[in-house]
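One structure is given here, and the rest of the page talks about it.
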Amino acid sequence: MTNNLLRVRDLCIDAPASKGPIRIAQGIDFDLHRGEVLALIGESGAGKSTIGIATLGAGRGGAYIAQGSILLEGEDIMAKGAARLRSIRGLRVAYVAQSAASAFNPAHRLIDQVTETIISRGIMDRPAARSRAIELFRKLGLPSPETFGEKFPHQASGGQLQRAMTAMAICAGPELIVFDEPTTALDVTTQIEVLLSIRQAIRDEGMAAIYISHDLALVAQIADQIMVLRHGQIVETGPTRDIIERPQQDYTRRLIAVQSVALPTRSSQPVMLEISGINASYGRVPVLHNINLSVAKGRTLALVGESGSGKSTLGKVVAGLLPPDSGRVTLVDRPLSSSLSGRSRQDLRDIQLVHQNPDLALNPRRSVGDSIGQAVTMFRGLTNKDCSREVAHLLEQVNLDPALATRLPHALSGGQKQRVCIARALAANPRLIICDEVTSALDPLVAEGVQNLLRQLQEDEGVSYLFITHDFGAVRAMADEVAVMRQGSVIAYGPTGQVLNAPQDPYTQKLISSVPELRVGWLDDIVAARTAPQNARTEKMT
Amino acid sequence: MTKYLLKRLFAGVLLVLGASAILFFAGELLPGDFASRMLGSQATPEAVEALRQSRGLDQPALTRYLMWLGGLLQGDLGVSLTNGREIGPLIATRLSNTLTLAGLAALVAVPFAVGLGTLAAMYRNTWFDRLVLMLSMVTVATPEFFFAYLAIAFFAVQLHLLPSISIVTSDMSFADKVPLLILPVLTLVVTTSAHMIRLTRASLISVMDSEYAGTAMLKGLPQWKIVLRHLLPNAMSPIAAVVVLNLADLIVGLIIVEAIFAYPGMGQLMVDSVSKQDVTVVQACGLIFAVTYIVLNMIADLLAILLNPRLRYKS
C-alpha cells in the first residue's frame with residue numbers, strides 16, 4: 001500500500017444552467033498523501049468548494065462530475081454506484097462546512113449529530129460513541145466537554161459550533177477531511193483558536209485534509225501544499241513555502257500583494273462629524289457606552305472590533321436609524337436630530353449608508369439604473385434625460401460601464417453590486433458615507449478594487465468615511481484614524497499607525513496579534529509566545 | 001415560557017368570552033320569534049306571550065346573557081326554547097357522534113396528507129409530484145357538497161356498495177356504524193387533505209435546501225433517513241400548525257357533510273335549530289364550535305413551541 005491516499009486526475013465538473021451545462025472546474029490534477037494538508041485557495045467562483053465536495057462524490061446545485069477520476073486508495077469513488085458512495089461519505093471522507101451554525105440541524109442535540117455516523121453505521125454502540133465524542137470535545141478545547149454535547153446548536157457560539165463540527169467529522173476516524181472555509185465566519189481572536197484546534201486534531205489523528213480558504217495567510221499556517229485556483233482551473237500548485245515566498249504566476253503574486261497596502265499619512269482637516277457622549281440600547285439592553293469620536297473632512301475613521309462590539313450600532317445611531325438614549329451627533333456645526341423623522345432632507349442627503357451585503361441592499365426587481373436614479377431624483381430633483389445622464393456619470397465614477405444601468409442586480413457580480421451601492425450613495429452628493437463592512441463579503445482582489453475606488457472618490461469629492469470593519473488589512477489601507485471597540489465602548493482611538501503598530505491596551509494587542517501574517521510559521525510563533533511565559537513561570541517556581 | 005403560556009391561556013379565555021357575547025347578541029338580533037312559529041298562525045297573542053314568559057324571554061337581554069354565562073360556568077347550557085328540555089343531554093349524543101366522525105376523518109386524513117406531501121417533496125418535479133399537486137388543487141376548488149353528492153352518485157347509486165344516508169343510533173355497535181361512516185369520512189378526508197399535503201410538501205422543500213440537509217447527505221445517510229430524522233423535525237412546526245387548523249376546520253365544516261348524509265351530529269342539530277328558530281340551542285352549538293376552534297388554535301401554538309428547541313431551551 002502506498003502512502004498516496006487520494007489521486008485526482010483530469011477532474012472536470014459541470015453545473016446545469018438554462019443554456020445547457022457550464023463547466024465550473026476543469027482539468028484538476030492532484031495527489032494527497034496521508035497526514036498531508038492541501039489548501040485550495042482562490043476567489044469565490046474559483047471552484048474551491050466544488051472540488052472539495054467532489055471528493056465526497058457530491059455536488060451543490062446539481063453540479064456533477066463530467067469527466068476524470070477521483071481515486072481513494074486506488075478505487076474510483078464514482079464507479080460503484082450510490083450505495084458504495086454513501087458508505088464512503090462520513091466514514092472515510094468527511095466534510096466540515098463554512099457556517100457550522102447553519103450546517104448543524106437545529107432540531108437535535110449536538111452530541112447526537114456528532115455520533116450519528118458511527119452509530120448508524122454500527123461501528124460503535126451509543127455509550128462508546130458518546131464517550132468518543134466527549135473525548136474529542138475535550139481535545140478540541142470545548143468548555144465542559146462532558147455536558148457540551150447536550151446543547152442544541154442555538155445554545156453554542158460560532159467558534160464552539162465550528163469545533164463541534166470538526167469533532168463530528170473526526171468522530172468516525174475518516175482518512176480525509178474536507179474543511180470548507182471553517183473559520184471565515186469567525187472573529188480573528190476566535191479564528192486563531194479554532195485553527196489551532198483543527199491543526200492539532202489533524203496531526204493527532206494522522207488524517208489527510210483538504211483546507212479550502214480565500215485567506216492565503218491563514219492556509220500558510222496549516223497547509224503542506226497550496227493549490228491556487230481561478231475560474232475553475234489550477235493557476236499554480238506547490239509546497240506552501242514555495243507558493244508564499246516564490247510565487248510563479250502573476251495572479252498568485254497579486255493575491256500576496258493585496259495583504260500589504262498602507263495608506264500614507266495625510267494632512268489634518270477640520271472636523272466634519274462629531275459624535276459626543278452617545279449611549280444607546282436595544283430595548284432595555286445597553287449596547288453603547290459614552291462614545292466620543294470625530295471624523296475629519298475628506299478623511300476616514302475606521303471602527304474595528306469583534307462581532308457584537310457595537311460598531312454597526314454606532315453606524316445606525318449616526319445614520320439616525322437608532323435614536324440614542326443620550327448624547328449628540330453633530331454634522332459640521334448643526335446638531336442632527338436623534339431620529340430619522342426629525343432630520344431634514346439636507347441631513348438625510350449629507351449622510352449615506354452602504355451595507356455589507358449588496359445582495360440585500362439592492363431591490364432584486366429594480367434595474368441598476370432605477371435604483372440609482374431614484375436617489376438622483378429624490379435628492380437632486382433630476383428627472384428623465386437629466387436623471388439618466390447623471391446615472392451614467394455615477395456608474396462611470398465607480399468604474400462601471402454605463403450600459404449596466406438596464407441590468408437587474410442578479411446579472412452583476414458581487415463587486416459590481418457593491419459599486420452600484422456606492423454609486424447610489426454618491427447620488428446624494430453626501431458629506432459622509434457610512435461604510436458598514438462594505439468589503440467583507442468580497443474576495444480579496446475585488447475588495448482591494450473597491451477600497452481603491454473609495455479612496456479615489458475621497459480624493460475627488462472630499463467625502464468623509466465612517467468605515468466599519470473587522471479587517472485590519474482594510475483599516476491600514478483606508479483609515480487615517482481608527483477606533484477599537486469592545487463591548488460597546490471605545491478602548492483605543494487615534495491615528496491608524498499609532499493604534500495598530502504600538503497598541504497600548506492588552507485587548508487591541510491581542511486583536512492585532514490574532515490577524516494571520518503571510519509567512520510560514522506565524523502560528524508556531526504564536527504558540528511559542530504563549531507557552532514561553534508559562535515555562536518561565538514554572539521555571540521560577542522550581 | 002410559562003409566562004407565554006399563561007398569556008396565551010388568558011387570551012383564549014377572552015376570546016371565548018367574546019365569542020359567547022357575539023353569539024348571544026347575534027341571536028337576539030335574529031328576526032322572527034320561536035313562539036309564534038311553534039304555536040302557528042292560529043295562536044292567540046296571550047298564548048305566545050305565556051310561552052315566551054315560561055322560557056324567561058321577558059327579562060332584559062343583558063340579564064339573560066349574564067344568567068347564560070353563569071349557567072355555562074356550572075356546565076349548564078340552558079334549555080331549548082322549543083321543547084323546554086335541557087340542552088346538555090341533547091347535545092351530548094350529537095357531540096359524541098360528531099367527534100367520532102371528525103376523529104375518524106382526522107385519523108385517516110393526517111397520516112395520508114403528511115405522507116403524501118412527504119412523498120411529493122421527495123420526488124419533487126416528477127410526474128408523481130405534479131399529479132399530487134394537481135389533484136390537491138382540484139379538491140381545494142371542489143366544494144364539499146359537490147364531492148359528497150358525487151360520492152353518493154357513484155358508490156351508493158351506481159355501485160350499491162354503500163348507503164347514501166348515515167343515520168346512526170345509539171344502540172348500534174361500532175361495527176354497524178362503520179359502513180355508514182365511510183362516505184362522510186371519505187368526503188371529509190378528500191376535502192381537508194389538500195392544504196395539509198401542499199403545506200407538508202412546501203415546508204419540506206424549504207428545509208431540503210438547507211445546509212444541514214447537505215451535512216446529512218455528506219454524512220452518507222440514506223435519503224429516507226435524511227427526510228425522517230433531519231428534515232421532518234424541522235418542517236414539523238408549520239405542518240403541525242396547519243394540521244391543527246385543518247382539524248378545527250374539519251369540525252366546523254362538518255355542518256354541510258352531516259346535513260347531506262343526514263348524520264345526527266352537532267352540525268345537523270344546529271341546522272335544524274336554526275330552522276325552528278330555537279336560538280338557545282343554536283347559541284350552545286355555536287359556542288361549542290367556537291371553543292373547539294380556539295382550543296385547537298392554542299394547541300397549534302403550543303406545538304410550535306414544543307417542536308422548536310430554540311423556543312423550548314433559551315440559549
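Below, chains carry the letters A, B, ... as their sequence lines are ordered, and counting in each starts from 1.
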Interchain contact, Met217(B) with chain A, by part (heavy-atom threshold 4.5 Å): both

Ser203(B) versus Ser206(B), side-chain donor and acceptor atoms under 3.5 Å: no

If we define contacts as heavy-atom pairs under 4.5 Å, which of Arg60(A), Arg89(A), Met168(A) has the most with chain B? Arg89(A)

Within the 3.5 Å criterion, strictly below it, is a donor on Thr98(B) or Glu258(B) matched to an acceptor on the partner's side chain? yes

Any side-chain donor-acceptor pair under 3.5 Å between Asn246(B) and Thr192(B)? no

Heavy atoms of other groups near Tyr123(B) OH, more than 12 under 6.0 Å: no

So what's closer than 4.5 Å to chain B heavy atoms on Arg109(A): side chain, backbone, both or neither? side chain

Less than 3.5 Å apart, any donor N or O on the side chain of Ser69(A) or Asp76(A) sitting next to an acceptor on the other? no

Under 4.5 Å from a heavy atom of chain B, the part of Phe104(A) involved: backbone

For Ala103(A), is it the side chain, the backbone, both or neither that has a heavy atom under 4.5 Å from a heavy atom of chain B? both

Chain B interface, residue from Arg121(A), Gln113(A), His108(A), Arg86(A) that has the most non-hydrogen pairs under 4.5 Å: Arg86(A)

For chain B, the option from Lys151(A), Glu116(A), Met165(A) that forms the most heavy-atom pairs under 4.5 Å: Glu116(A)

Can you tell me which portion of Leu221(B) sits under 4.5 Å from chain A's heavy atoms? Options are side chain, backbone, both or neither. both

More than 12 heavy atoms of other residues, nucleotides or ligands under 6.0 Å from CZ of Phe25(B): yes or no? yes

Most chain B-contacting option - heavy-atom pairs closer than 4.5 Å, from Pro174(A), Gly90(A), Ala172(A), Pro106(A): Pro106(A)

Tell me, yes or no, whether the heavy-atom count around Tyr282(A) atom OH, taken from other residues, nucleotides or ligands under 6.0 Å, exceeds 12. yes

